[in-house]
There are 2 protein chains.
Amino acid sequence: MAKLDFSPIADTTRRAEIVALLRRAILTGQLEPGQKLNELRISEQMRVSRAPLREAMRELVQEGILTSIPYAGTFVIDVTAKDIIDAYSLNKVLDEFAIELAWPQRDPRFFDELDRRHEAVKQATRALDTTRQIETALQLHGLIYEWADNSVLLETWQRLTSRLQMYFALHQRARNEPVPAEDVHETYVALLKGADMRAAQRHAREHIDLDFEELLAYARGLEKRASKN
Amino acid sequence: MAKLDFSPIADTTRRAEIVALLRRAILTGQLEPGQKLNELRISEQMRVSRAPLREAMRELVQEGILTSIPYAGTFVIDVTAKDIIDAYSLNKVLDEFAIELAWPQRDPRFFDELDRRHEAVKQATRALDTTRQIETALQLHGLIYEWADNSVLLETWQRLTSRLQMYFALHQRARNEPVPAEDVHETYVALLKGADMRAAQRHAREHIDLDFEELLAYARGLEKRASKN
DNA sequence: GACAAGCAGATTGTCGACAATCTAACAAGA
DNA sequence: TCTTGTTAGATTGTCGACAATCTGCTTGTC
């Protein structure tokens with residue numbers, strides 16, 4: 001038998017496609033925090049009945065980016081400064097762990113993939129495609145999790161990623177500036193290729209802290225706005 | 001106005017009740033790993049239509065204790081030795097983080113609750129109620145997460161707890177022995193009341209390692225059985 | 001006997017309609 | 001004017017039926 005690794009057949013259920021559509025809409029900020037999702041309206045727009053839509057929404061609730069109140073509705077989660085702080089502080093801990101696990105697993109394929117994803121970030125940056133820049137940066141970041149060979153950790157990271165992506169997207173939208181042209185991942189990639197694991201872990205923390213500051217400023221703005229209502 | 005804090009009204013949707021029923025059945029081992037959930041059969045047993053049942057199953061899939069294959073069915077997750085190792089190694093990292101966050105938050109209410117939950121474990125142990133013993137032990141363990149004041153961390157822990165509870169239940173079922181009468185939490189509780197945070201973190205790791213060894217033996221048995229099929 | 005095509009039964013995915021519940025506007029009474 | 005009761009409309013929750021898909025068996029062919 002020829003040694004071929006086929007990619008899995010795509011899930012072709014409406015539900016899966018709806019999940020993808022909704023997730024994208026939320027993570028890019030098209031659906032704003034706190035906004036209510038009207039089932040009838042959305043199902044009509046998507047040309048789909050409410051059953052698969054509701055199942056899709058249930059998944060996203062469990063994924064943590066929607067929240068549901070019985071007989072009242074399903075809403076995009078609200079984002080507070082504390083949420084962002086919480087997500088980031090957990091992210092630091094997980095990063096450190098992921099690097100530790102992934103470190104001995106690094107192989108040529110790892111380094112190839114590292115370069116590939118880094119290149120994708122740079123390309124998105126050059127193209128001034130903000131959304132894609134966030135996506136690719138998180139994918140670059142996620143590589144250590146994929147290589148850590150710990151399924152529960154990977155799942156946890158993926159859940160966290162949803163939120164981080166949402167936070168970044170909101171931040172970018174709010175400040176409404178052109179994309180930062182700087183490449184902040186150069187050092188990170190170099191350290192992951194190097195021999196000093198502790199240094200890589202340390203940098204991951206500091207690297208995160210950088211973007212964190214910007215996000216926090218945005219979050220504080222959110223809180224002020226909320227307290228006025 | 002009188003200063004009363006009312007507890008929120010219970011979610012009274014069929015869906016929520018189905019989720020609770022199914023989760024309990026899975027976490028106590030009544031539904032075995034790998035087993036298929038027939039929608040029609042279950043919906044008839046519960047006197048409920050398939051719509052809320054399917055939504056409930058979607059939630060549990062996202063919670064990580066069910067797995068779904070389009071047009072094939074929804075199954076209780078399979079448990080492998082690696083899954084257990086992965087869950088536990090992540091748990092260690094999270095524990096350390098949770099203790100660090102919760103430490104400065106400890107107050108009289110914390111210590112009261114600590115004793116209350118510890119007492120619940122001892123009571124379940126005396127009553128030889130295995131299921132309840134697992135539940136209460138995990139609730140005792142979860143206290144540091146509730147006090148850590150980090151919503152994302154708490155969510156993550158709760159997801160992990162589902163699996164841990166399932167693993168323990170399977171383990172207990174498999175060995176089919178009377179419950180261990182020993183109280184292994186005495187030291188843990190004492191350390192959480194003490195002044196040495198590092199010691200508490202260290203003990204949490206070792207304490208976990210203990211039960212881990214037993215679980216692993218069970219998991220290895222599972223793997224052997226699987227390889228024969 | 002081996003193998004592929006095709007059919008029947010069972011199961012999952014989706015739909016449209018109905019029931020239960022919430023919200024907001026309005027009316028009635030103190 | 002403020003509070004309380006009522007009601008209409010909109011929205012979510014649930015149901016039963018139908019469509020799409022899978023699985024295992026049968027049948028026919030070599």
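What you are looking at is a predicted structure, and each value in this text was computed from that prediction instead of being measured. Quick note: numbers below take in every heavy atom, side chains included, and nothing from hydrogens, waters or symmetry partners. Quick note on labels: first sequence line is chain A, next is B, and so on, each numbered from 1.
- The separation between A:Arg41 atom CZ and D:dG9 atom C1' is 18 Å, rounded to whole Å.
- Closest to the A:Tyr71 side chain, of the nucleotides D:dA20, C:dA20, D:dC15, is C:dA20.
- B:Arg14 has its CZ atom 6 Å from the P atom of D:dT14, to the nearest Å.
- For the pair B:Glu55 CD and D:dT12 P, the computed distance is 12 Å after rounding to whole Å.
- Residue A:Tyr167 forms a side chain to side chain contact (heavy atoms under 4.5 Å, CB included) with just one option from A:Leu27, A:Ile84, A:Ile134, and that option is A:Ile84.
- In this structure, B:Leu37 reaches the sugar-phosphate backbone alone: every heavy-atom distance under 4.0 Å involves primed, P, OP1 or OP2 atoms, never a base.
- Side-chain nitrogen and oxygen atoms of A:Arg50 include none within less than 4.0 Å of the OP1 or OP2 phosphate oxygen of D:dT14.
- The listed nucleotides are D:dC15, C:dT21, D:dA20; the one nearest the side chain of B:Ala51 is D:dC15.
- Between D:dC15 and B:Ser49, a contact under 4.0 Å exists linking OP1 or OP2 to a side-chain N or O.
- For D:dT12, neither phosphate oxygen OP1 nor OP2 lies less than 4.0 angstrom from any side-chain nitrogen or oxygen of A:Arg58.
- Side-chain atoms of A:Asp149 and B:Lys82, non-hydrogen and from C-beta on, do get closer than 4.5 Å to each other.
- A sub-4.0 Å separation between OP1 or OP2 of C:dT12 and a side-chain N or O of A:Arg15 is absent.
- Across C:dG13, D:dT12, C:dC15, the shortest atom-to-atom separation from the side chain of A:Val48 is found for C:dC15.
- When distances are taken from the side chain of A:Asn38 to each of D:dC22, D:dG13, D:dT11, the shortest belongs to D:dT11.
- Between B:His141 and B:Trp157, the ring planes are tilted. Angles from 30° to 60° get that label.
- Side-chain N/O atoms of B:Arg54 include none lying less than 4.0 angstrom from OP1 or OP2 on C:dT12.
- Side-chain contact check for B:Ser68 and B:Arg58: at least one donor-acceptor pair (N or O, by modelled atom type) lies under 3.5 Å.
- Formation of a donor-acceptor pair under 3.5 Å by the A:Asp83 side chain with backbone atoms of A:Thr80 is found in this model.
- Computed from coordinates, the A:Leu53 CG to D:dG13 C1' distance equals 13 Å when rounded to whole Å.
- Checked against D:dG13, D:dC15, D:dT21, the side chain of A:Glu39 finds its nearest nucleotide in D:dG13.
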